[in-house]
Visitor: 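Please find one structure pasted underneath; my questions will follow.
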Amino acid sequence: MFKRQKFSDKTNKKREILLATSEYVAIIALILSVILLFKVYRLQSRLNDLKSDVERLENRSGLTGTSMSNTIAPPAPHIQHAEASEEINERLLLLIREGNKIKAIKELRTARNISLKDAKDYVDHLEKC
């Protein structure tokens with residue numbers, strides 16, 4: 001009978017240790033769950049703030065829709081002798097595609113005798129189209 005009691009004492013101690021360990025694991029899991037839930041709420045709040053900022057910016061700029069990149073390109077700056085500019089436009093587009101934007105600006109300035117700013121604006125417009 002003494003042996004049986006000794007055996008049951010050891011078993012009870014093991015059960016108590018297992019219960020204590022499982023309680024600690026449960027408490028730690030609960031704490032981690034609360035922390036994660038708090039972080040999710042914070043992220044949701046930040047996301048809502050960003051959404052309202054985007055809506056405010058879209059309303060301020062007068063854009064509707066989902067993308068600001070869908071805006072219409074501005075009209076080309078005025079160039080003298082516009083009817084004869086088709087040849088120069090083709091040459092400028094070729095230079096722009098080759099990555100020679102500065103050379104395109106120089107050629108336009110010499111061909112049309114316009115200011116640097118006007119030439120740059122015109123080449124920028126061609127590049128966007």
Visitor: Between Arg60 and Leu57, does the side chain to side chain contact (heavy atoms under 4.5 Å, CB included) criterion hold? Intermediate values first, please.
Guide: CA-CA 5 Å; Arg60 182 187 306 168; Leu57 288 173; 4.2 Å; yes
Visitor: Output all residues satisfying side-chain hydrogen bond (donor to acceptor under 3.5 Å, both in side chains) with Ser115, sequence neighbours left out; order by chain, then residue number.
Guide: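 Scan of Ser115 (side-chain hydrogen bond (donor to acceptor under 3.5 Å, both in side chains), adjacent residues dropped) gives Asp118.
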Visitor: Which residues satisfy the side-chain contact (heavy atoms from CB on, under 4.5 Å) test with Ile102, sequence neighbours excluded?
Guide: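 Residues passing side-chain contact (heavy atoms from CB on, under 4.5 Å) with Ile102: Lys106.
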Visitor: Give me each pair satisfying salt bridge (Lys or Arg N to Asp or Glu O under 4.0 Å) with a member in residues 26-52, each pair once, sequence neighbours excluded.
Guide: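 Qualifying pairs: none.
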Visitor: According to side-chain contact (heavy atoms from CB on, under 4.5 Å), who are the partners of Ile28, at least two apart in sequence or on a separate chain?
Guide: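 Partners of Ile28 by the side-chain contact (heavy atoms from CB on, under 4.5 Å) criterion, ordered by chain and then number, come out as Leu32.
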Visitor: Go through the structure and list residues passing side-chain contact (heavy atoms from CB on, under 4.5 Å) with Glu98, not counting sequence neighbours.
Guide: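 Checked Glu98 against side-chain contact (heavy atoms from CB on, under 4.5 Å); matches are Leu94, Leu95, Asn100.
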Visitor: Could you work out, with side-chain hydrogen bond (donor to acceptor under 3.5 Å, both in side chains) as the rule, every residue matching Lys101, not counting sequence neighbours?
Guide: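 Residues passing side-chain hydrogen bond (donor to acceptor under 3.5 Å, both in side chains) with Lys101: Asp124, Glu127.
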Visitor: Other hydrophobic cluster members with Tyr41, side-chain heavy atoms of Ile/Leu/Val/Met/Phe/Trp/Tyr under 4.5 Å, chained?
Guide: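 Result for Tyr41 is Leu37.
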Visitor: Nearest 0.5 Å please: distance from the OH atom of Tyr122 over to the CG atom of Leu92.
Guide: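 One gets 7.0 Å once the value is rounded to the nearest 0.5 Å.
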Visitor: Could I get the full list of side-chain hydrogen bond (donor to acceptor under 3.5 Å, both in side chains) partners for Arg56, not counting sequence neighbours?
Guide: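 Counting only residues at least two positions away or on another chain, Arg56 forms a side-chain hydrogen bond (donor to acceptor under 3.5 Å, both in side chains) with Asp53.
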Visitor: Starting from Ile31 and following side-chain heavy-atom contacts under 4.5 Å between hydrophobic residues (I, L, V, M, F, W, Y), which residues can be reached?
Guide: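 Ile27, Ile35, all in the cluster of Ile31.
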Visitor: What residue among Ile88, Leu116, Asn89 forms side chain to side chain contact (heavy atoms under 4.5 Å, CB included) with Leu108?
Guide: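 With Leu108 as partner, side chain to side chain contact (heavy atoms under 4.5 Å, CB included) holds for just one option, Ile88.
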Visitor: Using the test side-chain hydrogen bond (donor to acceptor under 3.5 Å, both in side chains), find all partners of Arg91 that sit at least two apart in sequence or belong to another chain.
Guide: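 For Arg91 the side-chain hydrogen bond (donor to acceptor under 3.5 Å, both in side chains) partners, ignoring immediate neighbours, are Glu107.
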